[in-house]
Every structure is written in C-alpha cells, then in structure tokens.
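Presented below is the structure to which this report refers.
Residue numbering restarts at 1 for every chain, and letters A, B, ... go by the order of the sequence lines.
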There are 2 protein chains.
Amino acid sequence: MEGALWYLKRCDLFERLTPEQADRLNRRALVRQYKRNALIYSPTEPGQTVMVLAEGRIKIKDITPDGKETILAFIEEGELFGELALLDEGARQEYAEAAVDSRVLVLPREDLLWLMESRPELALSITKLIGLRRRRIENRLRNVLFLSSRERLVRILLELQESHGERYCNRCEIRLPLSHQDLASLIGVTRETVTVVLGELQRDGLIRVQRRRVTVTDCRRLAELGNGILPVRAPPPRHPTARPPRRL
Amino acid sequence: MEGALWYLKRCDLFERLTPEQADRLNRRALVRQYKRNALIYSPTEPGQTVMVLAEGRIKIKDITPDGKETILAFIEEGELFGELALLDEGARQEYAEAAVDSRVLVLPREDLLWLMESRPELALSITKLIGLRRRRIENRLRNVLFLSSRERLVRILLELQESHGERYCNRCEIRLPLSHQDLASLIGVTRETVTVVLGELQRDGLIRVQRRRVTVTDCRRLAELGNGILPVRAPPPRHPTARPPRRL
DNA sequence: TGGCTTCTGTAAGCTGGCTCACAGACCCCG
DNA sequence: CGGGGTCTGTGAGCCAGCTTACAGAAGCCA
C-alpha cells in the first residue's frame, strides 16, 4: 500500500506533490504485476485508468480482425501510458501488453483529472506528453506514406535507439526484445521483408542482429542513411561471385 | 481591434472569459486575412502562436522534398489549429494554407498558456482536443497500413462527411473544395487511383462527383461499406457488353 | 474571347513488397 | 535431454497500385 507512492515519486510527472495529493493518490493507486505477454488492457475496454510503468517494458499495439498487428509504441520505465483515458471513458482502441515481466502503477482517471485541476503545470506536462506522442505518430504516418521499407526500417531503428537505446560511443544496444515481426509491425511491412533488409544492413556493417535483439554498430553511418545524407543504397547484387563478407 | 474578441467568443473554447482575461486576449490577438491558397505557416517556422479559424477553411498538410503531399486535416470555422505550438517553440513540422479565402485569429502562445494556467478546465479541453486529433491520426495510420485504396477512400469520405458535411436525409454535401488530388493526399495513393475509384463509387450510386466537389448520395450504404457490413466489392468488370448505366 | 492553367479520365506496363511454402536454428519447459 | 513452440532465412510467383503518357473539360484572367 505504500509501494504505490514510492513508484510514483520516481516518475518526473509526480515530483513535489503536496502531502494531501500524495496521500490521495497513494490510497487510490494500485500496483499490478504482469508476466511477459500478459494483457494489460484491450481495445474495447472503457478507459477508466491511467498507468505508469514502474518496471519492465510495455508494448502498445493494435490488431485487425484478420490478425495483422501494428505496434504503436514501446513504453519505458517511468513513462505514462493509457493516458488517452483522460479524454473520455471511451474504448481504449488499442492493446497494452507486457513485453517483459512488468510492474505497473494503476491510477483511476478521476484522481489524475483532479490532480490536473489542482496543478496546472502538471496538466500542461500531460498535454505536452500527449502532443509529443501525436507528433511521433504523425511522423510514422509520413514515413509509411513516403518511404521504402528499407528507409522506414532505418528510421525506426534510429527512433528506437533514441528512446530505448544504451549508447556506447558509436554503437548502441536497443534494450527491448525485438523480433523481426515486431519491427515489421512497427513499420508496416511483412516479417519476411524485415528479415531481408536487416540482413542487408548487417552485411553493410551498420547493425548486429541476434535473436530478438538488435544492436546498432555504427550509429553515425546509420543516422546519415536515415537523414538522406548518404543515399539509401539499393540492395547489393544478390549473388556476388565471391562470398559476402562474414561479420561476427 | 475589438474584432478579435468578437471572433473569440464564437469559439466554444473561449466562452465565459473573465473581463481581464478577455481584455488581455483582445489586446494581444490579431486578425489576419488570407486568400485561397495563401500560406499561413510553414514547417520550419518556430511555433509562436496558436490560431482559431474565424472564417473559411484551412488545410493542414505536409510536403516531402520531392513534392509528394499529405493532408493531415481540414479545419472548420471555430476550430483551433497550430495548437502544437503549445508544446514548445519548435518547428511546426507542417504547412497550414487557406483552402478558401479565410480569416484567422492569431493568439501568442504565451497568452494561451497563461490562460490555461488560470483556467484548468480550458486546459483540459485543449488537452482533449490534442488527444482527439491524435486518435484521428492513429486511425489514419491503421487505415493506411491495413486497407485497400478503395476502403480507405470510402472511410475518408465518411470521415469528411462527419466533420465537414451538410446532411439532408440520406444525402450529404461535403462543404470543402476537394480535388481528386486532395483525396489522394488524404489517403496516401495517387491521383489516378482516386479518379478510378471515385468513378466506381459514382457508378454504384453512392456518391456524386463534380469538379472539386463530392456529394454523398447514399449515406447509409456508404457507411455500411465502410464498416464492413457490406463487402467492399471488387471493381465491376471494366468492359461490360452493355454500356455502364449513366447517372446524372 | 481566346489562351493558359488546373482538373479529370483512361490505359499500358512495371515493380516493390506481399503471399505462400518450407527448412533450419534456437529456446524453453517438462 | 528431447520435443514442440517460436524465431529466422530464403525463394518463386503474383498483384495492387504506381508510373508515364496523353487528351479533353472546365474555370480563370487579361
């Protein structure tokens, strides 16, 4: 019962609450645990709560009736999610699932709305959060509309590196379990296409691909590719006379 | 100079301002006029103002370096736009242009931020606005990823009818000048594809197409198409023995 | 009122990415 | 430690929508 507060305080949004505010949230918040792949909420469920990720990683996604999946976002520790429940109690329109074992703080929307009323600067922060995510989605839309699968893949890797990467000099580990299918769902292509393009990028020495794990091995060059500084090369001839260079 | 206030009051967001609030806005707001196709702001410009459309129609769009265009939204009279300037003074990332001759109320972001601080319920309304538009974009993304050009066109027509339509029973005029290119930019296909599909829909008696003008002539059936109640038919055989039925 | 520009209509041919179909690698759990 | 899921790799064939290329219609303005 006091765990909630402890987690809350670690989230930038909820620094410096007054004692009453902290107390109310502490009384009303819940901490929940989810195993990898467990469902946290689903699209038809009315949004009555907003969540903060205390520990783990969350995948926000959507699935069509015929089983095709889009991933809208991955949530990092300390981030808010399910925040559109603040707009109204309508259906969530998306799934949230634990990408790894996770611990989640659940806040009733009324309490957060109440808090926003009493703390305008917090309300503004949340507005900004929603707006920034909107910009991100708008960008995704642009990418889907205008870029080839290769370019989209490069950009999503850059984006993931930015928000979920651990940087060492010119290399960067993406701290998310990422299957080819996940990447495909992020950029709107098939798994097979991702497999091929990842293979090419690896051959070019830009990234290292392991099972459900991607490491950017040349951040600089990848960024240049993504920004159109380097032309995004067409795939190399598929059957060169010599063996393609191996890279471990 | 007192025009500003008059326009403001007609916008739901700004009802019931206190005299001081009204006064401050009135002093700081500007009214600007734009001719059809005039540019209101552009992507690289830092966002220092938020706007309310007093009269006319605004097109929010984006263009790639090689000239391909997406339309993100059309703005109706009384609606807010350029609202992401509230997040930060970063680049706007989009164009706003007058779709017809328009009159726009320009509010410095600081004043609106100040107003949001002093009126939590207005801050919340703006948050909702941003959030609702985010949902709309998320939907667009889903559509682009998962639907055929035909289905996307049907859905965008339904959406436009909802937000910009004038309804008479089972028919509905879309009160926007809409070229085939515009529709193409809304759903992410080429103009030629739109021309063909519009032709089919017209032949099926669902819509009526005139120059830069679309009328839904059978709202009910169109809605059923869009919701997957009716199967979204493949195009009819292109060269039937008999002439295709003419409809005026 | 005539010329220019924008918008619409049509069609032939091409192609990036999808579908389908396996095969082998890896991993977790019993 | 073995067997069934899950993930990755590859390739042949297909197809929706793009590209390219015109042509006529409709509005605009000089």
Side-chain angles (χ1 to χ4, degrees), chain A residues 35-37 64 66-69 99-101 143-153 176-203 207-214 232-240 243-244 246, chain B residues 35-37 64 66-69 99-101 143-153 176-185 187-203 207-214 232-240 243-244 246-247:
Chain A
K35 291 221 169 287
R36 167 159 128 80
N37 294 330
T64 58
D66 52 321
K68 282 179 284 182
E69 175 185 301
V100 299
D101 294 354
N143 291 347
V144 169
L145 290 177
F146 299 131
L147 304 183
S148 69
S149 58
R150 188 185 173 84
E151 293 168 303
R152 280 188 267 164
L153 185 54
L176 283 176
L178 267 188
S179 66
H180 294 188
Q181 180 60 65
D182 287 332
L183 287 167
S185 301
L186 280 164
I187 64 177
V189 301
T190 57
R191 199 268 311 162
E192 292 86 333
T193 301
V194 168
T195 299
V196 169
V197 180
L198 278 183
E200 290 165 12
L201 294 177
Q202 181 164 226
R203 237 174 281 134
I207 62 176
R208 164 98 182 278
V209 184
Q210 290 152 292
R211 173 167 251 247
R212 281 164 70 72
R213 179 125 261 122
V214 178
V232 178
R233 283 208 1 237
R238 299 316 312 283
H239 293 300
R243 301 205 52 87
R246 285 147 295 126
Chain B
K35 292 222 167 286
R36 167 157 128 81
N37 294 330
T64 58
D66 52 322
K68 282 180 285 182
E69 173 184 301
V100 300
D101 293 355
N143 292 347
V144 170
L145 290 178
F146 299 132
L147 304 182
S148 70
S149 58
R150 189 186 173 84
E151 292 168 304
R152 280 186 267 163
L153 185 53
L176 281 176
L178 267 188
S179 67
H180 295 189
Q181 181 59 64
D182 287 333
L183 287 166
S185 301
I187 63 177
V189 301
T190 57
R191 197 269 311 162
E192 291 85 336
T193 300
V194 168
T195 299
V196 169
V197 179
L198 278 183
E200 289 166 12
L201 293 176
Q202 181 163 229
R203 238 174 280 136
I207 62 176
R208 163 98 182 279
V209 184
Q210 292 153 288
R211 173 168 252 248
R212 281 164 71 74
R213 178 127 261 121
V214 178
V232 178
R233 283 206 3 234
R238 299 317 313 282
H239 293 300
R243 301 207 50 90
R246 285 147 295 124
R247 323 224 176 217

Discussion item. Is there a side-chain contact between B/T193 and the phosphate of D/dC18, meaning an N or O under 4.0 Å from OP1 or OP2?
Written reply: yes

Item to complete: Report the end-to-end axis angle of the helix from C/dT1-D/dA30 to C/dG30-D/dC1; each axis comes from five terminal pairs, and the value is rounded to 10°.
Response: 50°

Worksheet item: Who passes side-chain contact (heavy atoms from CB on, under 4.5 Å) against A/N37, sequence neighbours left out?
Response: A/E97

Practice prompt. Using heavy atoms to find the nearest nucleotide of DNA chain C for A/V189 and B/V209 separately, return the residue whose nucleotide is more 5′.
Written response: B/V209

Item to complete: May I ask you to evaluate whether B/S149 reaches the phosphate of D/dG17, defined as a side-chain N or O under 4.0 Å from OP1 or OP2?
Response: yes

Discussion item. Between the base of C/dC20 and the side chain of A/E192, is there a donor and acceptor pair under 3.5 angstrom?
Written reply: yes

Fill in: N/O (side chain, B/T195) to phosphate O (OP1/OP2, C/dT8) under 4.0 Å
no

Item to complete: Describe the nucleic acid contact of A/R191 in one word from base, sugar-phosphate, nothing, applying a heavy-atom distance below 4.0 Å.
Response: base

Practice prompt. Going by the side-chain contact (heavy atoms from CB on, under 4.5 Å) test, name the single residue among B/V197, B/V196, B/V194, B/V214 that passes it with B/H180.
Written response: B/V194

Fill in: B/T190 side chain, from C-beta outward: closest of D/dT19, D/dG17, C/dG9
D/dT19

Fill in: Pair B/S185-B/D182, side-chain donor/acceptor within less than 3.5 Å
no

Practice prompt. For the residue pair A/E151 and A/S148, confirm or rule out a side-chain donor-acceptor distance under 3.5 Å.
Written response: yes

Discussion item. Using only modelled atom types and a 3.5 angstrom limit, is any donor from either the side chain of B/R211 or the base of C/dT6 paired with an acceptor on the other?
Written reply: yes

